[in-house]
Amino acid sequence: MCGIVGYAGRQSAAPIIVDGLRKLEYRGYDSAGVAVHDGRGIEVVRALGKLRALSEAVAKRPLEGTLGIGHTRWATHGRPSEENAHPHVAGKVAVVHNGIIENHVALRRELIAEGVRFSSETDTEIIAHLVDRALRNGARSLFEAVRASLQLVTGAYAIAVLNADEPLTIVAARHGSPLVLGIGENEILCGSDISALLAHTRDMVFLEDGDLVELRGPGPEAGPTARIQTMDGVPVERPTKRIDWSPTMAERGGFKHFMLKEIHEQPDAIAATLRGRIDLENGDVHGGEIGLDPVSARAIRRVYIIACGTSYHAALVGRYWLEALARVPTTVELGSEVSNRPAVFFEDDLVIAVSQSGETFDTLAAVKAAKAAGARVLAVSNVLDSAIPRLAHGELYTRAGPEIGVASTKCFTAQLTALLLVSVYLGRQRGALDADAGRSLLQGACAVPGFINELLGDADYVRTIATSLVDATDVLFLGRGYNYPIALEGALKLKEISYAHAEGYAAGEMKHGPIALIDASLPVVVIAPKDASYFKTLGNVQEVRAREGRVIALATKGDEAMHDLAEHIIWLPEAPEHVLPFLTVVPLQLLAYYVASRKGHDVDQPRNLAKTVTVE
Ligand code: M6R
């Protein structure tokens, strides 16, 4: 959590940093700050609240200078306040930090014993004091002072540091939290992810854990430079990669919220995730990125999927496909639960880590455990070179483009796409699917963008239904089979952004408890397309109606029986059964969006949440 940006160039740094932070606000948004070197010293402006407050503060007190660092915060140590906002300053040093310093209590005590006075409750301020102390004790440069200080620190961090005595230099380091360099013309930047830097360059250098980098802005005679070393002082080269995301992909593009834009981008995200990966002629999937040759694919005894939140729901749909199409036993586990019980991994397991950000702490920790036990790991992530793909043996990137809304939408359906590809690949290699079956499944996948466009055409009708849910304090979502995870996802979307209590349930479980809740005040959203379990789910609808529950149904066009039972019906196109989860989730995303929007909530940045959860 937390986002950092650094800029060293020829333009005014503050607006560039604030603009970069705007792209990172999804990582945290309880306070923000910026520090700029104006050639004489460092000026800092910080503000409590969203970035807008910082923009206003900077407008009132313009910062001159072409080198600076900035931060947007999601509080871990110390409540959200201006004092706890970054940058933190000690002597001539200013620091921004993403991560957690685990030995902060001992270090704080040591520094206090030396006479240091703290002005915040944060762990980050310790780094500022350590670097300041190293400089006062004779470190030759900021680079050396930061190196010496980080040797005393344990935990996870990405940091960027300024020194009032070095007006052209930013020192940055990465250990467990992401940090990317952007190499522009006459400017060099660093940031927590590429979206913060894209307005300036597409040439990115992804730092590795343990990298320490000195960024020097352009001088009168020389252009900008980046010097990278390991913590032990060994020079290292990291390749520059050209990114194919465009800056406009991280803009709202005429939509009121990023979430709505991202819901509408799903057809493109799915098509892009399929592109170049399928072989329709042979009814197969090109498996190179999956990192499993046919022999290894046949040797897999179990698939074990690890994920959190929305990605966990995608994983549950994935299990359905893996078992149905590849006939491979599949376990799905929450990242946080893997570390809370003695999970068992085998060398012939394929562990699939599903994570939009590629950084989620719990998923990452579980992947490390699986890898240590000798399992093969495949990462499904949307963020190039993020921590989880770096650890994995294979990476199947979703190509959803940057997802800014905290509530995940297009990454969910892109994850489904990736998991369907893996399922067909394993099915083909393991002999569970022949070429015709593979081809027909893939043709179904290729048709999904068209079906979703059709559903998006009915968005206004979903908005009307949302009006009837604005005052609901509880909503129940029911689904069966592969639509059970979609019920979970529909409920998660609604609670995340509308703050209403919502629960997803397997429809077959209704009579084992939740039926007690049903009365005329409880809206029940039932996912009931015409599929193999349609009649059973229709039975649930009748049970809800018998108790005067209000039914909002997702049903296949032409379903007369549903027509007579439900208060509202969102019609689904007739589509092959295996692609239905792609379609049933879209109206539920829209429903959550319109309820939250109608309530006037900050849909893209819901309270208490952050998009990337890098803490346990
Ligand atoms: O980056 P990840 O996919 O690993 O994130 C997992 C969850 O934190 C995430 O899906 C979260 O539940 C979203 N806010 C859902 O909209």
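Between the CG atom of Asn540 and the OG atom of Ser533 there is a distance of 9.5 Å, given to the nearest 0.5 Å. Here CD1 of Ile305 is found 12.0 Å from CG of Leu334. Values are rounded to the nearest 0.5 Å. In this structure, OG1 in Thr584 is found 9.5 Å from CD in Gln589, a value given to the nearest 0.5 Å. Between Phe582 atom CZ and Tyr482 atom OH the span is 12.0 Å, to the nearest 0.5 Å. Of the inter-residue distances, the one linking Glu289 atom CD with Leu396 atom CG reads 5.5 Å to the nearest 0.5 angstrom. Distance SG/Cys308 to CZ/Phe361: 11.0 Å, rounded to 0.5 Å.
Using a 4.5 Å heavy-atom threshold, the side chains of Leu350 and Arg302 count as separate. Residues Val541 and Met562 have side chains in contact (heavy-atom distance under 4.5 Å, counting atoms from C-beta outward). Between Ile527 and Phe477 the shortest side-chain heavy-atom distance does not fall below 4.5 Å. Side-chain contact between Arg27 and Cys2 is absent, with no heavy-atom pair separated by less than 4.5 Å. Contact of the Pro523 side chain with the Leu476 side chain is not registered, since no non-hydrogen atoms from C-beta on lie closer than 4.5 Å. In this structure, the side chains of His286 and Asp279 come closer than 4.5 Å at one or more pairs of heavy atoms. Side-chain contact check for Leu384 versus Ile243: some heavy-atom pair is nearer than 4.5 Å. Side-chain contact between Leu21 and Ile4 is absent, with no heavy-atom pair separated by less than 4.5 Å.
In this structure, Thr398 contributes its side chain and Ser381 its backbone to a donor-acceptor pair below 3.5 Å. The backbone N or O of Gly401 sits less than 3.5 Å from a side-chain atom of Asn382, completing a donor-acceptor pair. For the pair Tyr425 (side chain) and Leu292 (backbone), a donor-acceptor distance under 3.5 Å is present. The backbone N or O of Val328 sits less than 3.5 Å from a side-chain atom of Thr330, completing a donor-acceptor pair. With hydrogens and angles ignored, the 3.5 Å screen pairs a side-chain donor or acceptor of Trp321 with a backbone N or O of His578. The main-chain N or O of Lys530 is found under 3.5 Å from a side-chain atom of Thr556 such that the two form a donor-acceptor pair. Side chain of Arg277 to backbone of Thr273: a donor-acceptor contact under 3.5 angstrom is found. Side chain of Arg298 to main chain of Arg430: no donor-acceptor pair is present (N/O by atom type, distance under 3.5 Å, no hydrogens or angles). At distances below 3.5 Å, not a single donor-acceptor pair connects side-chain atoms of Lys536 with backbone N or O atoms of Arg480. Of the possible donor and acceptor atoms, one in the side chain of Lys410 sits under 3.5 Å from a partner among the backbone N and O of Ala400.
Annotation for Pro576 and Phe451: closest pair CD-CE1, 4.1 Å, computed over non-hydrogen atoms. Residues Gly283 and Val424 approach most closely at O-CG1, 4.4 Å, considering heavy atoms. Residues Gly335 and Ile306 approach most closely at CA-CG2, 3.7 Å, considering heavy atoms. Across all non-hydrogen atoms, the minimal contact from Gly182 to Leu197 is N-CD1, 3.6 Å.
Side-chain contact of Ser55 with Arg22: a donor-acceptor pair under 3.5 Å is present, judged by distance alone. No hydrogens or angles considered: nothing links the side chains of Asp203 and Thr240 as a donor-acceptor pair under 3.5 Å. Side chain to side chain, Ser296 and Asp293 meet the donor-acceptor criterion of an N or O pair below 3.5 Å. A donor atom on one side chain and an acceptor atom on the other are found under 3.5 Å apart for Ser311 and Gln415. Thr360 and Asp362 share no donor-acceptor pair across their side chains, judged by distance under 3.5 Å alone. Side-chain polar atoms of Gln356 and Glu403 form no donor-acceptor pair below 3.5 angstrom. For the 3.5 Å distance criterion, the side chains of His257 and Asp604 fail to qualify, holding no donor opposite an acceptor. Looking at Tyr499 and His601, their side chains never bring a donor and an acceptor atom within 3.5 Å of each other.
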message: As a quick check of understanding, evaluate side-chain hydrogen bond (donor to acceptor under 3.5 Å, both in side chains) for Thr413 and Gln266, giving each step before the final call.
response: CA-CA 7 Å; Thr413 43; Gln266 293 183 100; 2.7 Å; yes
task: Report the C-alpha distance between Ile404 and Glu262 in whole Å, list the side-chain angles of each, state the deciding distance to 0.1 Å, and finish with yes or no for side-chain contact (heavy atoms from CB on, under 4.5 Å).
output: CA-CA 8 Å; Ile404 311 291; Glu262 288 159 3; 3.6 Å; yes
field: Trace of the ring pair (Phe, Tyr, Trp, His ring centres under 6.0 Å) decision for His313 with Phe412
entry: CA-CA 8 Å; His313 300 154; Phe412 176 76; 7.3 Å; no
- request: Could you check Lys241 against Asp385 for salt bridge (charged side-chain N to carboxylate O under 4.0 Å, His left out), going step by step and ending with a plain yes or no?
  value: CA-CA 10 Å; Lys241 296 187 180 170; Asp385 257 353; 2.7 Å; yes
- request: Mind running side-chain contact (heavy atoms from CB on, under 4.5 Å) on Val205 and Val180 for me, showing each step along the way?
  value: CA-CA 6 Å; Val205 174; Val180 184; over 6 Å; no
task: Could you please spell out the steps behind the side-chain contact (heavy atoms from CB on, under 4.5 Å) verdict for Val383 and Glu359?
output: CA-CA 9 Å; Val383 179; Glu359 277 186 61; 5.8 Å; no
- prompt: Going through the checks in order, is the side-chain contact (heavy atoms from CB on, under 4.5 Å) test met by Val380 and Ile352?
  reply: CA-CA 7 Å; Val380 172; Ile352 307 182; 3.9 Å; yes
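Taking a 6.0 Å sphere around NZ of Lys557, one finds it holds more than 12 heavy atoms contributed by other residues, nucleotides or ligands. Surrounding CG of Asp471 are at most 12 heavy atoms belonging to other residues, nucleotides or ligands under 6.0 Å away. Residue-environment remark: NE2 (His563) stays at or below the threshold of 12 foreign heavy atoms within 6.0 Å.
Asp602 has a carboxylate O that lies under 4.0 Å from a charged side-chain N of Lys50, or vice versa, which qualifies the two as a salt bridge. Note on Arg390 versus Glu395: no salt bridge recorded, every NZ/NE/NH1/NH2 to OD/OE distance being 4.0 Å or above. The existence of a salt bridge linking Glu323 and Arg327 is excluded, since no basic side-chain nitrogen approaches an acidic carboxylate oxygen closer than 4.0 Å. Salt bridge annotation for Glu567-Arg545: absent, with no cationic side-chain nitrogen under 4.0 angstrom from a carboxylate oxygen.
For the pair Lys261 and Phe258, the cation-pi test (distance below 6.0 Å, angle within 45°) is failed.
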Output a table of donor-acceptor pairs, distance under 3.5 Å, between side-chain atoms of residues 437-450 and any protein atom two or more places apart or on a different chain; print 'none' if there are none.
| residue | atom | partner | partner atom | Å |
| --- | --- | --- | --- | --- |
| Arg439 | NE | Leu280 | O | 2.9 |
| Arg439 | NH1 | Asp436 | OD1 | 2.8 |
| Arg439 | NH2 | Glu281 | O | 2.8 |

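Pairs engaging residues 492-501 under the salt bridge (Lys or Arg N to Asp or Glu O under 4.0 Å) rule: Glu489-Lys493, Lys493-Glu496 [sequence neighbours left out].
Evaluation of the ring pair (Phe, Tyr, Trp, His ring centres under 6.0 Å) rule for Tyr29 yields no partner, not counting sequence neighbours.
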